[in-house]
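Counting starts at 1 for both ligands and their atoms, following the listed order. Nothing here was measured: the structure is a model prediction, and the numbers come from that model.
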Amino acid sequence: MLNKEIRLASRPTGMPTPDNFNTVDEDMPQLNDAEVLVRTRYISVDPYLRGRMREGRSYVPPFEVGQVIISGVVGEVVESRAPEFAQGDIVTGMLGWRLYNAASVPELRKVDPRLASVTTALGVLGMPGLTAYFGLLDIGKPKEGETVLVSGAAGAVGMTVCQIAKIKGCRAVGIAGSDEKNQYLTAELGIDAAVNYKSPEMSRALKEACPKGIDVYFDNVGGEVSDAVWPLLNHGARIVICGQISLYNLDKPDVGPRPQRYLLVNSAMMQGFIIRDYAARFAEGVTNLAQWLVTGKLKYAETVVEGFENTPKAFIGLFSGENLGKQLVKVT
Ligand code: NDP
């Protein structure tokens, strides 16, 4: 039996392309004691991986050229040399873009397939869901009746933020890149309004959608979208810097209207965060998200690309908005 893995072939300049990746045949991994062999079922592709393809200091080391890409994976244990895991267990962990990974016990967490679809371990009950939960509740601190504006609203993190804002009794307004996505946000998820940032009327539409101004801005996107938000901030606004996807493929710094004056005159607070800061509280987050999920208060969407070899394509598609909700690759 042969294994396959997808490596970084070269560092992208600008938008990543399929040439930045190569798929290589490999021998099957040999298990050591206390390791398990995991057959990949689903791979999560995530915008932050673009940052790891760039050289330089960040909160995680960059991938080396020639190295296998690593991201969230859900798989099935097909062989175990660790008493903690049995053949047939469904597990998740940060593993290689491979058909099979050898993994040690601390790298893996069991997934309960009876609770929800196993794919949710990579989405609403996994890293994106936790990012939405802690970013909004711990930093945004939304209060009933306030207006919460979310950019990247139709993605995995964004749609979860919008719905938690509704659960907390807020007016939830989303910004996304197509009318179809916005229709989904308002009609299916029940958020109060949604604005298409590709419309030339975006600034006016934002003002109309937020007639009482903005108390919490959950920013996944940055750039010109956020520039349109600053003039609408209310006194005491909280700005959660979760992501800046509009900047990830730029080679030069992006300079727009600087937000400091708006923070100053509104006594507003802007804070960035990385979800692993909250690792000690993940169990609390998953418990609450799962509770909302099973009681129907929280919905999720997934876009699933079929085929291991299409993983780079699915990743690249994140930067042109091809996904509604969590972008996954179905491997087996
Ligand atoms: P998404 O599911 O939101 O996918 C990315 C979406 O971003 C696309 O669907 C697209 O939607 C939008 N987008 C792409 N390019 C642009 C652009 N140039 N301008 C505006 N929107 C764009 O991904 P995630 O939910 O996984 O991640 C959302 C954000 O959260 C990212 O910025 C990510 O880096 C960040 N993040 C941060 C974490 C943290 O710890 N701080 C953890 C996890 C994610 P559209 O059609 O609307 O353009």
*Asks:* In the protein, which heavy atom is nearest to atom 47 (O) of ligand 1, and how far is it?
*Replies:* Gly177 N, 2.8 Å

*Asks:* From atom 38 (C) of ligand 1, work out which of Thr131, Val225, Thr303 has a heavy atom at the shortest distance.
*Replies:* Thr131

*Asks:* Any carboxylate oxygen within less than 4.0 angstrom of a Lys/Arg side-chain nitrogen, looking at Glu79 and Arg81?
*Replies:* no

*Asks:* Which option, Asp277, Ile275, Asn182, owns the non-hydrogen atom nearest atom 40 (O) of ligand 1?
*Replies:* Ile275

*Asks:* What are the atoms of ligand 1, with element, lying closer than 4.0 Å to any heavy atom of Asn323?
*Replies:* 1 (P), 2 (O), 4 (O), 8 (C), 9 (O)

*Asks:* Closest non-hydrogen protein atom to atom 37 (C) of ligand 1, residue and atom name please, with distance?
*Replies:* Cys242 O, 3.0 Å

*Asks:* Counting only heavy atoms closer than 4.0 Å, does ligand 1 sit against the backbone of Val221, its side chain, both, or neither?
*Replies:* side chain

*Asks:* Hey, which atoms in ligand 1 end up nearer than 4.0 Å to a heavy atom of Gly325?
*Replies:* 2 (O)

*Asks:* Taking Thr92 for the side chain and Val73 for the main chain, is one N or O donor matched with an acceptor at less than 3.5 Å?
*Replies:* yes

*Asks:* For atom 46 (O) of ligand 1, tell me which residue out of Arg50, Lys181, Gln327 has the closest non-hydrogen atom.
*Replies:* Lys181

*Asks:* Answer with yes or no whether Ser178 contacts ligand 1, where contact means a heavy atom under 4.0 Å from a ligand atom.
*Replies:* no

*Asks:* Any nitrogen or oxygen of Val157, main chain or side chain, under 3.5 Å from a nitrogen or oxygen of ligand 1?
*Replies:* yes

*Asks:* Provide, to 0.1 Å, the distance between atom 3 (O) of ligand 1 and the closest protein heavy atom, together with that atom's residue and name.
*Replies:* Gly155 CA, 3.2 Å

*Asks:* With a cut-off of 4.0 Å, which atoms of ligand 1 are near a heavy atom of Ala176?
*Replies:* 47 (O)

*Asks:* Specify the protein heavy atom at minimum distance from atom 29 (C) of ligand 1: its residue, its atom name, and the distance to 0.1 Å.
*Replies:* Asn220 OD1, 3.4 Å

*Asks:* Do we see a donor-acceptor contact under 3.5 Å between the side chains of Tyr133 and Glu284?
*Replies:* yes

*Asks:* Going by an N to O cut-off under 4.0 Å, is there a salt bridge joining Glu146 and Arg238?
*Replies:* yes

*Asks:* Which residue owns the protein heavy atom closest to atom 7 (O) of ligand 1, what's the atom, and how far is it?
*Replies:* Ile245 CD1, 3.6 Å

*Asks:* Has Lys110 got more than 12 heavy atoms of other residues, nucleotides or ligands less than 6.0 Å from its NZ?
*Replies:* yes

*Asks:* Is Lys168 salt-bridged to Glu144, going by a charged N under 4.0 Å from an acidic O?
*Replies:* no

*Asks:* Is the side chain of Asp46 donor-acceptor paired with the backbone N or O of Tyr48 at a distance under 3.5 Å, no angle test?
*Replies:* no

*Asks:* Please check this pair: side chain of Asn266 against backbone of Ala268, looking for a donor-acceptor N/O pair closer than 3.5 Å.
*Replies:* no

*Asks:* Count the heavy atoms belonging to other residues, nucleotides or ligands that lie under 6.0 Å from NZ of Lys166, then report whether that count exceeds 12.
*Replies:* yes

*Asks:* Which residue and atom name correspond to the protein heavy atom nearest atom 8 (C) of ligand 1, and how close is it?
*Replies:* Leu318 O, 3.2 Å

*Asks:* Would you mind checking which non-hydrogen protein atom is closest to atom 10 (C) of ligand 1, with the distance to 0.1 Å?
*Replies:* Gly321 CA, 3.5 Å

*Asks:* Please report whether ligand 1 has a polar contact with Pro128, defined as an N or O pair separated by less than 3.5 Å (distance criterion only).
*Replies:* no

*Asks:* Mind checking whether Met127 contacts ligand 1 via backbone (N, CA, C, O), side chain (CB onward), both or neither, at a 4.0 Å heavy-atom cut-off?
*Replies:* side chain

*Asks:* Parallel under 30°, tilted from 30 to 60°, perpendicular over 60°: which one fits the rings of Tyr248 and Phe319?
*Replies:* perpendicular

*Asks:* Under 3.5 Å, is there a donor on one side chain and an acceptor on the other for Glu201 and Ser199?
*Replies:* no

*Asks:* Could you grab the distance from atom CE of Met269 to atom CG of Leu233, nearest 0.5 Å is fine?
*Replies:* 11.5 Å

*Asks:* Can a non-hydrogen atom of Gly222 be found less than 4.0 Å from any atom of ligand 1?
*Replies:* no

*Asks:* Among all protein heavy atoms in this structure, tell me which lies nearest to atom 26 (O) of ligand 1, with the distance rounded to 0.1 Å.
*Replies:* Pro47 CD, 3.4 Å

*Asks:* Quick test of your reading of the model: are Lys141 and Asp215 salt-bridged, counting only N-O distances below 4.0 Å?
*Replies:* no

*Asks:* May I ask you to list the atoms of ligand 1 that are less than 4.0 angstrom from any heavy atom of Gly243?
*Replies:* 32 (O), 35 (C)

*Asks:* Quick check on side-chain hydrogen bond (donor to acceptor under 3.5 Å, both in side chains): which of Gln67, Glu64, Glu26 does Arg7 satisfy it with?
*Replies:* Glu26

*Asks:* Does at least one non-hydrogen atom of Glu322 fall below 4.0 angstrom from an atom of ligand 1?
*Replies:* no

*Asks:* Going by the closest heavy atom to atom 22 (C) of ligand 1, which one wins out of Tyr59, Phe218, Tyr197?
*Replies:* Tyr197

*Asks:* Answer with side chain, backbone, both or neither: which part of Gln244 has a heavy atom less than 4.0 angstrom from an atom of ligand 1?
*Replies:* backbone

*Asks:* Ring of Tyr100, cation from Arg39 - is the NZ or CZ under 6.0 Å from the centre and inside 45° of the axis?
*Replies:* no

*Asks:* Return the option from Ser246, Ala153, Gly158, Ala156 holding the heavy atom at the smallest distance from atom 2 (O) of ligand 1.
*Replies:* Ala156

